[in-house]
Amino acid sequence: MVRAWRLYAAVAAGGFRRYATYRVATAAGVFTNTVFGLILAYTYIALWDERPGLGGYDQAQAVTYVWVGQGLLSVVAVMGGGFEDELIERIRTGDIAIDLYRPADLQAWWLAADAGRAAFQLLGRGVVPMVFGGLVFQLALPGDAGTWLAFLVAVVLGVLVSFAIRYLVALAAFWFMDGAGVQQLAVLAGLFFSGMTLPLNVFPGALGELARVLPWSALVQAPADVLLGERTGLALLRTYAFQAAWAVGLLAVGRLVQSAATRRVVVQGG
Amino acid sequence: MDTDFIRLDGVEKVFDVRKKTGFLRSERRQVRAVDSISFTVSRGEMVGYIGPNGAGKSTTIKMLTGILTPSGGRLRVAGIDPSRERTRLAQRIGVVFGQRTTLWWDLPLIDSYRLMHRMYRIPDARYAENLDRCVELLELGELLDVPVRQLSLGQRMRGDIAAALLHDPEVLYLDEPTIGLDVISKARVREFLRDLNAERGTTVLLTTHDLSDIEQLCRRVMVIDHGRLMYDGPLTGLHEIGESERTLVVDLERELPPIEVESARVVKVEGPRQWLAFPAAQSAAPLVARIAAEYPLVDLSVREPDIEAVISRMYAEKATS
Amino acid sequence: MADLREKPREPGEPREPRAGFEPVAGSRLVDGLRAYRLIAWMWIRSTMAYRASFAMTLFGNFAGTVLDFVAILLMFSRVDQLGGYSLGEVAFLYGLSSAAFGLADLTLGSMDRLGQRVRDGTLDTLLVRPAPVLAQVAADRFALRRLGRITQGLLVLGYALVVVDIEWTPAKVLLMPVMMVSGAAIFASVFVAGGAFQFVAQDASQVQNSFTYGGTTLLQYPPTVFAKDLVRGVTFVLPLAFVNWLPALYVLGLPYPLDLPRWTAFVSPLVAVVCCGLSGLAWRAGLRSYRSTGS
């Protein structure tokens, strides 16, 4: 048991280091997040000028939401770009058959690697856009450490849900010759339903109701609401429970699909 | 006859290399990848260009093909300055990168050839003739309609060589053309290159790690190391300098003390596996027979002398003489 | 050829080769377009090897851009105006920006893969071909699925033309196609300059995205939304404002964001030519630096 933990810790550390080596790519990513943050922040200001208090946010909260979103974009991998490209490649080339005979658990292995990646992205790509946003705009950031801590927990749960979704997307490559199509649809759903394009509480009526219960809302909307102080006490626990439920459920589905896929590999002769 | 069809006069290539020395600090350093190299190659020659990794081989090839601009010296291929007239030169040379296919992965092999036909503006009759010839000699007939991704490594290499020859290049550069190929594919590729050179008079320059490529194809070999030309002459001369040895790798049933046998010496022991060196010129058969008779043999293989070993011994010779 | 076999030769012995052929090459531009067409066609055929996947990505590309516009529709479900612009007017800007960008994306969308090609060394395989490298890189991974964005842009533009009341004059009618083509050319020059930058910084393809995707996102919203300095920047430094803002505001009869004369709407083609020239120079400098450093 202890040995397994140490193995996964090493895998996670490897994931962290691997992304840490791409310094130029990280800087370029931060630049992009900042540019998009700037554009979105101005459009949100115009929107909230027109309709103050829209979706329960004041203008400062809305602008803060933009920068939280840009900071989290790569952490919860809304646009993909994490482990799944590699996993899909291994499925396509058949190398996955080798992985299945490894002593480590396939899902746990990739989860550990992705956790390492997310930890790096949080530091490498999350902080700078937030700081930039704070310098240029009036942000509504919490002053107490407790809210920040609560936010971190929500981010961790968001990464779990994000991983579980992308794991399923990657496994689809067992059935489709080319995983690009499924991946693309997943990115679309992620961008729209995570609250990346527009906060979900601005979505009207039934669409809003639906968007808020889908798993993607655990990626950006939920952590952002926690940071903005919209979720405290019992509401905070409900948010956590919501995220955790999706994480557990989707990870479990991932295991089922994985064993079906494994049987498929074995039947095909690997 | 063009005796200086390819001509290099004191060609140099200097790179600026940045080395990380701290978190955000780095140090700039100049590396001479190619350090004043001069040689000529006649039309229709077939030359091996060898050296350890990072010696400057591929940098030279990249300058000869116009990919890189030399930092100094003068270089001409068929009278053309490669870096200045890259596209004009491209019409007259063929390049095969051993480890990178230029064929279209998802399309049938023939489609890649059709692209070459159009891109190089090869006259139709010439294209048909060259394609037929390549298909026949490289045995590509049944592969033409197969998507490239389904070809084996050896089949793909043959396909790549054909792709580089459809426009009748006067020079063919081959970078590790036999790397990773099985014995039969290697033999087929070599035979084809020999025919090409003999019948078409195509000048061939090849880099390789496999000395037997050179043994079977080239009368002349150039050795490059640390950016300098260390040797230029027949392969036999290189063998003499190097006194090369082959290696017999023996797997025994169990761990045993080093094998004692005439005309070979044990150079390494690792558990039940032992490495024996013997002169390259000597046949391995009697040696194998002797060992098989006296030791519990499980498996064995013969390794050809590798270039690194030959070159390092070449240095040792020079130092002592 | 049999006559050549008469005398057996030693391998590698010097000899006369067979005569070559002189290809008839056109100008560099014609050569480049020809190579572009040939390579693009190969990529189209390659994608067709996976038809289902192609259909899915085409749909995905279209759906993605549609959702992008849906976000604006959602905003307008809560407000009647954004920065003083009605939904139809924003749709007008959006459609023009999206279509012009889509056109550039279709023709040059794979420029952001250049850094990858430099890293793995496959750029070298393009340098030994008798065709301009820019044309070969531009045609790399040519993907018809990118028609999705153009389609969406034109649909949104069509919607805008229906709902917005425009007082058409011959000059305005003429300005529409001119704006579309110049806009695509300005975006194209951003793609090429971004490609040139990757010769220097191979991992920085994301920087290019901020100017291309970021640029089109910016132009989809009214200029009144943004800070004056930002608007000045995209007018005088990186002249994206000439893609649609200035000409579109002329057509709509709305005030310009900066104090510029009305005729500036018509200088888009000129701006496009200058941008293409500059990015061409940047590309040449980038390629020269690659060929001298090999990195």
Side-chain angles (χ1 to χ4, degrees), chain B residues 1-3 13 15-16 33 42-47 59 62 65-69 71 83 86-93 95 97 100 102 104-107 111-112 115 118-123 126 133 147 167-170 173 193-194 197-204 216-220, chain C residues 1-26 28 31-32 34-35 37-39 41-50 117 120-133 135-136 287-295:
Chain B
M1 174 134 356
D2 270 331
T3 51
K13 185 71 210 177
F15 293 125
D16 271 345
S42 304
R43 239 185 219 280
E45 259 194 296
M46 201 152 172
V47 182
T59 306
K62 282 182 188 176
T65 48
I67 295 171
L68 289 181
T69 318
S71 341
S83 68
R86 187 186 64 74
T87 42
R88 191 157 87 91
L89 181 77
Q91 280 289 347
R92 303 178 60 174
I93 63 171
V95 187
F97 298 100
R100 270 176 230 134
T102 55
W104 288 72
W105 200 245
D106 288 319
L107 295 179
D111 288 16
S112 295
L115 177 69
R118 307 280 305 277
M119 187 177 267
Y120 284 85
R121 300 170 197 266
I122 308 167
R126 184 69 77 97
R133 190 187 133 91
H167 60 289
D168 272 331
E170 293 158 68
Y173 300 100
L193 293 176
R194 212 169 14 236
N197 175 258
E199 290 184 16
R200 295 260 162 141
T202 308
T203 309
V204 178
Q216 296 187 23
L217 294 173
C218 309
R219 285 153 52 101
R220 178 180 168 196
Chain C
M1 249 175 297
D3 55 320
L4 289 172
R5 284 181 210 240
E6 281 165 20
K7 189 182 72 172
R9 336 188 125 257
E10 281 285 304
E13 188 184 336
R15 70 176 300 286
E16 279 302 324
R18 122 194 185 123
F21 60 92
E22 272 305 314
V24 195
R28 276 184 74 75
D31 267 3
R34 186 172 175 276
R37 212 182 60 229
L38 289 174
I39 296 170
W41 177 237
M42 292 295 272
W43 279 112
I44 292 174
R45 308 220 10 231
S46 290
T47 359
M48 290 309 163
Y50 304 98
R117 275 193 172 274
D120 64 21
T122 51
L123 185 69
D124 291 348
T125 60
L126 307 184
L127 275 154
V128 298
R129 300 265 180 248
V133 182
Q136 297 185 65
L287 187 61
R288 196 179 314 122
S289 117
Y290 172 78
R291 292 176 70 196
S292 64
T293 61
S295 60

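Owing to the predicted nature of the structure, the values given are computational and were not obtained by experimental measurement. Naming: A, B, ... by sequence-line order, numbering from 1 per chain.
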When you look at CZ of R118(B), are more than 12 heavy atoms from neighbouring residues, nucleotides or ligands closer to it than 6.0 Å?
no
Using every non-hydrogen atom in the two residues, find where A131(C) and T87(B) come nearest and quote the distance to one decimal.
N-CG2, 3.7 Å
Apply side chain to side chain contact (heavy atoms under 4.5 Å, CB included) to V133(C) and R86(B), showing your working.
CA-CA 10 Å; V133(C) 182; R86(B) 187 186 64 74; 3.5 Å; yes
For a 4.5 angstrom cut-off between non-hydrogen side-chain atoms, does Y50(C) reach D106(B)?
yes
What distance do T102(B) atom OG1 and L126(C) atom CG have between them, rounded to the nearest 0.5 Å?
10.0 Å
Max heavy-atom pair count under 4.5 Å with chain C, selected residue of V204(B), L115(B), L193(B), T59(B)
L115(B)
With sequence neighbours left out, the residues meeting side chain to side chain contact (heavy atoms under 4.5 Å, CB included) with W41(C) are I44(C), R45(C)
Using heavy-atom distances under 4.5 Å, tell me whether D111(B) contacts chain C through its side chain, its backbone, both, or neither.
both
Begin with the C-alpha distance, continue with both residues' side-chain angles, and end with the deciding distance and a verdict on side chain to side chain contact (heavy atoms under 4.5 Å, CB included) for S83(B) and R288(C).
CA-CA 10 Å; S83(B) 68; R288(C) 196 179 314 122; over 6 Å; no
Give a yes or no answer on whether the side chain of R129(C) reaches the backbone of Y120(B) with a donor-acceptor pair at less than 3.5 Å.
no
Answer yes or no: is there a side-chain heavy-atom contact under 4.5 Å between R92(B) and P130(C)?
no
Side chain to side chain contact (heavy atoms under 4.5 Å, CB included) between W105(B) and S46(C), intermediate numbers included
CA-CA 8 Å; W105(B) 200 245; S46(C) 290; over 6 Å; no
Looking only at atom types and distance, does a side-chain atom of R291(C) sit under 3.5 Å from a main-chain N or O of I67(B), one as donor and one as acceptor?
yes
When you compare the side chain of K62(B) with that of L127(C), does any pair of heavy atoms fall below 4.5 Å?
no
By side chain to side chain donor-acceptor pair (under 3.5 Å) - contacts of T122(C) (at least two apart):
R117(C), D120(C)
When you look at M119(B) and D31(C), which way does the side chain to side chain contact (heavy atoms under 4.5 Å, CB included) test go after all the steps?
CA-CA 9 Å; M119(B) 187 177 267; D31(C) 267 3; over 6 Å; no
